[in-house]
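To keep things clear, I will list the structure first and then write my remarks on it.
All values derive from a computational prediction rather than experimental measurement.
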Amino acid sequence: MVRPTAAMERRKSSTIHYQTFSTPPPKSKGAPPSDTSSCSPNGAHHSRDNSQGSNHESSPLPIKQLLILAIISLSEQTALNSISPYLPQMVSSFPDVDVGQVGLYVGVVASSFALAQFATNFFWGWLSDRIGRKPVILTGTLLTAACFVGFGFCKTLWQAIIVQVFMGLVNGNQGVVSTCLGEITDRTNQSRAFIYLPVIYGLGGITGPVVGGLLVSKNAHFSRKDPYPYLWPNMVAAAVLMVDLIIAMIFLEESLEEARDLPPLGKRVGNLFAWVWQFASSSRPSYLRISDIRHKHSTHANLDGTIDDDEDDDSDSDSSSQASLPTLVPHHTTDLTSAQVFNRDTMLLMLTYLIFQLSNISYNSLYPIFGQAAPPRGRNLSPEEIGFSLAFAGAATIAFQLGIFGKLREKMGNKLTYKVCLGGMTLAFLLMPWVGYKDSKNGDGGISSGKVWLWVELGIILLIKSLSAVGCLTSFLLLITNSAPNHSVLGTLNGLAQTLSAAGRAAGPFLSGGLFSLSTHVEPKGEAVAFSVFGGIAFVGFLMSFGIRGENLEADGWDEEEGSEDDEDDDDEEHHGR
């Protein structure tokens with residue numbers, strides 16, 4: 001009876017220590033409450049009341065770990081975004097690429113990364129549930145840095161595609177970082193933590209192009225004098241990731257409950273080699289002997305549950321042999337069915353997130369094509385004007401995320417915020433083809449004409465789209481974290497979400513660009529075809545989001561009827577007063 005009791009204790013401990021779910025977190029890092037207090041009705045009632053009573057003040061943020069996760073995200077986003085400024089020039093320099101095919105093969109190289117992520121993101125999330133978050137993050141960072149070094153030495157198109165595919169296969173850190181955020185926060189402070197993640201992505205969208213653009217010469221091309229003209233930005237990106245790797249190795253704490261009791265990561269690697277050595281050098285390794293001893297031990301037990309004295313020696317042998325068993329992965333004791341993990345709310349969240357990512361990346365691809373195209377299909381914007389407009393939207397998004405979004409979410413809740421932002425994506429699609437022209441003689445059908453009106457309309461629409469996109473992302477991260485029935489599957493869910501994100505990022509540019517090219521022959525307002533189609537797709541996601549009705553998806557203390565996070569606390573105070 002000893003082993004089942006230990007398993008039960010571990011199961012209860014994991015639920016209590018995992019801070020995001022409905023059971024409240026402990027106030028200290030000490031041991032979980034004893035079984036007697038947990039099992040007694042009074043003890044359970046007291047714990048529940050105490051958790052709600054403590055909602056008047058949110059838990060303090062784990063600043064140190066948040067900073068480490070921010071460094072990991074910013075370093076990775078800086079490295080990944082450093083490729084975009086020089087990729088068209090790099091592809092055009094390849095000897096096996098014709099001038100008229102540059103745009104096509106730039107899309108192929110970029111999409112190969114997303115397609116590879118689609119194949120392995122779920123695996124990385126699942127693996128982080130098995131061996132811990134920190135080993136997966138360190139592995140992904142190291143292998144991604146190696147890929148950047150390899151990309152700098154690419155001299156042909158196929159070499160670049162192969163390296164990008166491998167980079168996508170080994171890179172699954174984005175979902176694991178989201179999982180870590182969910183595990184180090186609880187429902188009283190998770191909103192304040194999660195709003196910074198899109199901000200980091202936005203900063204990476206600024207620092208990455210700066211690194212890539214400054215370190216590559218405008219006239220860079222392959223020659224004997226400079227055989228690897230694109231090596232320097234890739235080496236800098238790899239160096240940024242290596243610094244990130246060292247910081248994570250030293251300061252990042254393991255957030256998976258079951259993995260915290262394991263030896264340090266270096267010891268676990270040594271254990272792995274010990275396991276391989278035993279398997280290769282012995283016909284009967286100790287971990288196989290332990291299994292036989294346990295089986296023999298159980299079969300010789302008496303009917304009354306006692307064990308004969310002659311079995312004591314076997315028990316001692318079991319203990320001594322077990323000490324030599326290499327410890328590699330945490331022991332999971334929580335068994336969840338597929339129906340519990342992939343319930344209705346989770347499936348709707350995944351489907352709407354796929355629609356959001358497909359719509360978002362399609363919009364990001366359509367706007368530059370639409371803006372740069374000649375009238376009447378486009379608005380004849382220069383690359384500098386397009387870049388300026390996107391920079392303005394990005395800066396406004398960061399300000400919104402830091403100053404406004406948290407307060408809005410507290411008033412509206414996670415579910416309503418998600419619905420409103422999906423509706424905002426739909427609105428942005430439908431409005432974009434109706435902006436005016438720089439000159440009224442270029443076409444009709446716009447809201448107005450003139451350069452000033454053009455920029456006013458573009459600014460408003462880009463703000464709607466950017467704020468909706470960042471709101472959708474933040475709300476989804478909060479919803480999927482709270483929808484997980486147990487921490488042991490949170491990495492898998494985030495991995496699946498990133499897999500769907502990669503699918504949208506891979507398909508969106510091809511579908512949207514091809515549809516816009518086909519619609520140029522449609523009269524009148526052919527440019528509205530592509531925006532209307534993807535606006536309709538976003539609208540389907542908006543309608544589906546109304547089916548997300550789980551009661552445990554909101555922050556701690558949220559009142560479904562009143563739409564406030566404080567009313568329930570007031571009711572609790574009145575209850576305690578009675």
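With hydrogens and angles ignored, the 3.5 Å screen pairs a side-chain donor or acceptor of W124 with a backbone N or O of L169. Judged purely by atom type and a 3.5 angstrom limit, S128 uses its side chain to pair as donor or acceptor with the backbone of G125. Using a distance-only test at 3.5 Å, with no hydrogens or angles considered, no donor-acceptor pair links the side chain of Q77 to the main chain of Y201. Although no hydrogens or angles enter the test, the distance criterion places no donor-acceptor pair under 3.5 Å between the side chain of S501 and the main chain of A497.
A 4.5 Å side-chain heavy-atom check between K465 and N364 finds at least one atom pair inside the cut-off. Counting heavy atoms from C-beta outward, Q174 and N121 have side chains that stay 4.5 Å or more apart. In this structure, the side chains of L245 and L138 come closer than 4.5 Å at one or more pairs of heavy atoms. Using a 4.5 Å heavy-atom cutoff, the side chains of T481 and E183 are not in contact. Between N482 and Q190, some side-chain heavy-atom pair lies under the 4.5 Å cut-off. Counting heavy atoms from C-beta on, the side chains of T346 and N343 come closer than 4.5 Å.
In terms of heavy-atom proximity, V136 sits nearest to G132 at CG2-O, 3.5 Å. The two atoms that bring L467 and A396 nearest to each other are CD2-O, 4.3 Å, heavy atoms only. Here the closest non-hydrogen pair linking C147 and F166 is SG-CD2, 3.1 Å. Between I184 and S255, the shortest heavy-atom distance links the atoms CG2-CB, 4.0 Å. The heavy-atom pair separating A248 from I72 by the smallest distance is CB-CD1, 4.1 Å. For the residue pair G550 and K415, the shortest heavy atom distance occurs at O-NZ, 2.9 Å.
Using a 3.5 Å distance cut-off with no hydrogens or angles, the side chains of T352 and S545 do not pair a donor with an acceptor. Looking at S178 and N494, their side chains never bring a donor and an acceptor atom within 3.5 Å of each other. Between the side chains of N414 and T417, no donor-acceptor pair of N or O atoms lies under 3.5 Å. With 3.5 Å as the limit, one finds no donor-acceptor pair spanning the side chains of D345 and S483.
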F122 and T492: CA distance, side-chain angles, deciding distance, side chain to side chain contact (heavy atoms under 4.5 Å, CB included) verdict | CA-CA 6 Å; F122 180 80; T492 300; 3.3 Å; yes
For Q498 and Q117, what are the C-alpha separation, side-chain angles and deciding distance, and is it a side chain to side chain contact (heavy atoms under 4.5 Å, CB included)?
-> CA-CA 8 Å; Q498 293 308 314; Q117 279 194 317; over 6 Å; no
Could you walk me through whether F113 and I83 pass the side chain to side chain contact (heavy atoms under 4.5 Å, CB included) test, one step at a time?
-> CA-CA 12 Å; F113 175 81; I83 297 177; over 6 Å; no
Take V177 and L197, measure what side chain to side chain contact (heavy atoms under 4.5 Å, CB included) needs, and give me the verdict at the end.
-> CA-CA 9 Å; V177 168; L197 199 56; 4.3 Å; yes
Verdict with reasoning, D186 to S59, per side-chain hydrogen bond (donor to acceptor under 3.5 Å, both in side chains) | CA-CA 7 Å; D186 57 43; S59 302; 2.6 Å; yes
Could you pull out all donor-acceptor pairs under 3.5 Å where a side-chain atom in residues 470-480 meets a protein atom, sequence neighbours excluded?
unit_1 : atom_1 : unit_2 : atom_2 : d
T474   : OG1    : Q401   : NE2    : 2.8
T474   : OG1    : V470   : O      : 2.9
S475   : OG     : G471   : O      : 2.8

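Going from atom CZ of F531 over to atom CG of L366 covers 4.5 Å, rounded to the nearest 0.5 Å. Note: E554 CD to N552 CG = 10.0 Å, rounded to the nearest 0.5 Å. The structure places CD1 of I404 at 6.5 Å from CZ of F400, a figure rounded to the nearest 0.5 Å. Atom CD in E76 sits 10.0 Å away from atom OG1 in T78 (nearest 0.5 Å). Expressed to the nearest 0.5 Å, how far NZ of K134 lies from CE of M249 amounts to 7.5 Å. Atoms CD1 and SG, on I464 and C421 in that order, are 11.5 Å from each other to the nearest 0.5 Å.
In this structure F194 satisfies the ring-ring contact (aromatic ring centres under 6.0 Å, His included) test with no other residue, sequence neighbours excluded. In this structure, the side-chain contact (heavy atoms from CB on, under 4.5 Å) partners of S111, at least two apart in sequence or on a different chain, are F510. Remark: F251 engages no residue in a ring-ring contact (aromatic ring centres under 6.0 Å, His included) (not counting sequence neighbours). Not counting sequence neighbours, the partners of T144 by the side chain to side chain donor-acceptor pair (under 3.5 Å) test are N171. Every residue two or more places apart in sequence or in another chain that forms a side-chain contact (heavy atoms from CB on, under 4.5 Å) with L61 is listed here: I63, L66, N189, R192, A193.
Note: F542 and F546 have perpendicular aromatic rings, judged against thresholds of 30 and 60 degrees for the angle between ring planes. Note on ring orientation: taking the six-membered ring where Trp is involved, the planes of F429 and F534 are parallel (angle under 30°, cut-offs 30° and 60°).
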